[in-house]
Amino acid sequence: MKHIKNHIHLFYTFTYILVLFPLLGSSQVISKEPEDLFVVGSESIHFKSEINHSEYTLYINLPESYGKDRTQTYPVFYVLDGYRIFGTTTHIYNGVWDDGFTPEIIIVGITNSGSKENPTLHRTRDLTPTTIDRIVTSGGAPTFLKVLSDEIIPLTDRLYSTDKTNRTLFGTSFAGMFTHYTLFTQPSLFANYIIHNPTLWWDRDYLYKLEETFFQNNKRLHSKVIFLEGEFNDLPKASAMYEQIKEHNYNDMTIDFRLVQNMGHLGGEAEAINQGMRFVYKRLTISLPEEKLIEYCGTYKDGTYIREIAIRDGQLTLVRPGEVKGANIQVINSSEFSILGRYFDFIFNRDEKGNVIGFTSQLDTDPTRTRTAIKIK
């Protein structure tokens with residue numbers, strides 16, 4: 001369970017007006033205030049766009065360690081339809097982070113309206129890329145993409161300690177369509193794209209044509225992308241879209257397709273967020289031959305605790321007293337290791353001759369809690 005964040009003061013009663021307009025570019029901040037939303041530590045930003053003159057609300061959730069180290073930056077996870085799934089996204093993240101499958105991140109839920117009474121006011125307009133006859137308010141995605149790139153993201157980067165190289169965009173349905181649209185219109189805006197049940201029928205297969213046109217001019221796409229489709233949604237169209245992208249074989253692109261079983265259009269959204277987070281934040285590992293792993297094997301003592309490191313099935317394994325299976329140790333690079341299922345560094349210490357003399361590991365996912373063990377044999 002997360003502790004109450006230190007950066008939220010008088011959480012339920014204190015509301016303040018933020019006078020930062022000169023610092024925030026073209027978007028005019030109307031207010032920045034703590035927000036309950038059933039998510040402890042969340043806050044909201046209400047602002048008016050100078051691009052389309054519409055009001056928007058951003059819901060923000062900051063990680064456990066935020067503010068403790070002013071030099072630290074955090075990946076940002078942008079969630080479309082924030083009015084509906086910001087709370088769900090934050091609760092899922094808390095569990096996935098606690099289990100060690102994501103780093104600490106900032107979550108930004110984007111609501112296409114500044115009104116709590118009518119949070120969907122501009123949703124259809126902003127998330128649809130073209131105008132179709134049956135929906136007269138459609139076709140505003142190009143403008144909203146500019147709001148996102150020129151106002152929302154710069155606003156977030158100026159107010160918070162963000163990693164500008166590690167942004168993720170998540171969307172479902174119309175928001176999934178907009179996520180797809182962003183990927184093949186302005187792909188460098190985000191490092192990662194999670195596309196759940198996109199509206200693939202839109203405007204006579206517009207999204208297929210968009211990707212095809214993009215491919216004619218671009219053979220490289222430096223992005224991690226995951227498509228997730230409900231089993232009872234529109235699986236044939238989704239599979240066709242995935243196969244079309246796979247066939248184009250973009251350089252530098254990592255892509256995956258996942259079936260959300262026994263789910264339709266919205267019911268699998270929580271699972272899509274869970275799987276999407278674990279996909280985009282998964283750490284890459286390398287394999288080392290056993291002759292390279294032997295030097296790490298031995299008995300290590302940490303206070304009164306004794307731990308063994310051995311090679312099992314070609315992989316380093318940490319075995320605590322009483323354990324049978326032990327925990328696998330992944331190799332991230334030549335100097336960095338990780339316990340399987342834990343998102344933290346596991347570093348072996350060496351003496352002046354280069355011999356392994358111990359290791360330092362992080363407990364759970366709290367960077368302030370570490371253990372150092374000495375190799376005794």
Side-chain angles (χ1 to χ4, degrees), residues 1-3 63-66 68-75 92-105 163 165-166 191-192 224 254 256 274-275 277-377:
M1 178 66 66
K2 284 191 171 184
H3 303 298
E64 178 87 9
S65 69
Y66 192 86
K68 295 178 181 177
D69 179 357
R70 294 185 180 278
T71 66
Q72 184 173 355
T73 60
Y74 299 85
I92 290 171
Y93 156 70
N94 287 341
V96 175
W97 171 76
D98 194 62
D99 282 349
F101 291 103
T102 73
E104 288 191 300
I105 63 175
D163 180 352
T165 67
N166 194 353
N192 313 303
K224 290 182 74 172
T254 302
D256 196 9
N274 188 309
Q275 291 195 34
M277 280 186 177
R278 288 185 286 125
F279 172 79
V280 301
Y281 294 124
K282 183 178 180 181
R283 302 178 82 178
L284 298 178
T285 61
I286 62 175
S287 297
L288 292 179
E290 288 196 15
E291 55 267 26
K292 295 285 187 180
L293 298 177
I294 290 175
E295 65 172 328
Y296 303 105
C297 296
T299 302
Y300 294 80
K301 185 176 182 181
D302 168 20
T304 59
Y305 293 95
I306 302 294
R307 292 170 173 80
E308 299 287 337
I309 292 182
I311 298 174
R312 294 184 178 178
D313 298 324
Q315 191 168 12
L316 283 181
T317 304
L318 177 69
V319 183
R320 300 176 179 86
E323 286 186 336
V324 177
K325 184 178 179 180
N328 291 332
I329 302 174
Q330 300 175 100
V331 184
I332 307 300
N333 53 52
S334 59
S335 61
E336 186 178 352
F337 297 75
S338 176
I339 294 292
L340 186 65
R342 293 295 181 192
Y343 205 102
F344 66 89
D345 292 339
F346 187 96
I347 300 172
F348 287 93
N349 305 315
R350 298 177 182 272
D351 62 18
E352 64 278 1
K353 296 181 180 180
N355 299 314
V356 174
I357 59 173
F359 66 78
T360 300
S361 63
Q362 192 173 292
L363 278 180
D364 298 321
T365 41
D366 184 346
T368 66
R369 299 176 62 199
T370 60
R371 285 188 179 276
T372 298
I374 305 300
K375 189 175 183 179
I376 58 177
K377 65 177 180 178

Discussion item. Go through it in stages, so that I can follow the logic: the residues are F359 and I347, the test is side-chain contact (heavy atoms from CB on, under 4.5 Å), and I'd like the CA-CA distance, side-chain angles, deciding distance and then a yes or no.
Written reply: CA-CA 6 Å; F359 66 78; I347 300 172; over 6 Å; no

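- To the nearest 0.5 Å, the span separating CG on D98 from CD on E64 amounts to 9.5 Å.
- Aromatic pair F337/Y296: ring centres closer than 6.0 Å.
- The line from CG of D351 to NZ of K375 is 10.0 Å long, rounded to the nearest 0.5 Å.
- Looking only at side-chain heavy atoms (C-beta outward), I329 and S338 stay at 4.5 Å or farther from each other.
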Report task. Begin with the C-alpha distance, continue with both residues' side-chain angles, and end with the deciding distance and a verdict on side-chain contact (heavy atoms from CB on, under 4.5 Å) for F101 and M277. Result -> CA-CA 8 Å; F101 291 103; M277 280 186 177; over 6 Å; no

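- Atom CD of Q330 and atom CG of L288 lie 12.5 Å apart (nearest 0.5 Å).
- With contacts defined as side-chain heavy-atom distances shorter than 4.5 Å, the pair I311/I294 qualifies.
- The shortest non-hydrogen separation linking Y300 to A373 is CB-CB, 3.9 Å.
- Across all non-hydrogen atoms, the minimal contact from E104 to Y93 is CA-OH, 3.3 Å.
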key: V96/N274 under side-chain contact (heavy atoms from CB on, under 4.5 Å): CA gap, chis, key distance, verdict   = CA-CA 7 Å; V96 175; N274 188 309; 3.8 Å; yes

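- Residues meeting the side-chain contact (heavy atoms from CB on, under 4.5 Å) test with T299, sequence neighbours left out: I306, E308, I376, K377.
- Side-chain contact, T360 with N349: a donor N or O sits under 3.5 Å from an acceptor N or O.
- With a 4.5 Å cut-off on side-chain heavy atoms, V319 and R307 do not count as touching.
- Annotation: side chain to side chain donor-acceptor pair (under 3.5 Å) contacts of T285 (sequence neighbours excluded): none.
- Taking both residues in full, the closest heavy atoms of P63 and I105 are given as CD-O, 3.4 Å, listed atom of the first, atom of the second, then distance.
- In this structure, CG on N328 lies 9.0 Å from CG on L316, to the nearest 0.5 angstrom.
- With no hydrogens or angles considered, a side-chain donor-acceptor pair links N166 and N192 at under 3.5 Å.
- Side chains of F348 and I309 form a contact here, defined as non-hydrogen atoms less than 4.5 Å apart.
- Atom CD1 of I286 has more than 12 heavy atoms from other residues, nucleotides or ligands within 6.0 Å.
- Between L293 and G314, the closest heavy-atom pair is CD1-O, 3.6 Å.
- The side-chain tip of K224 points at the ring of F279 from less than 6.0 angstrom away and within 45° of straight on.
- With contacts defined as side-chain heavy-atom distances shorter than 4.5 Å, the pair Q315/E290 does not qualify.
- Y74 meets the side chain to side chain donor-acceptor pair (under 3.5 Å) test with S65, Q72; sequence neighbours excluded.
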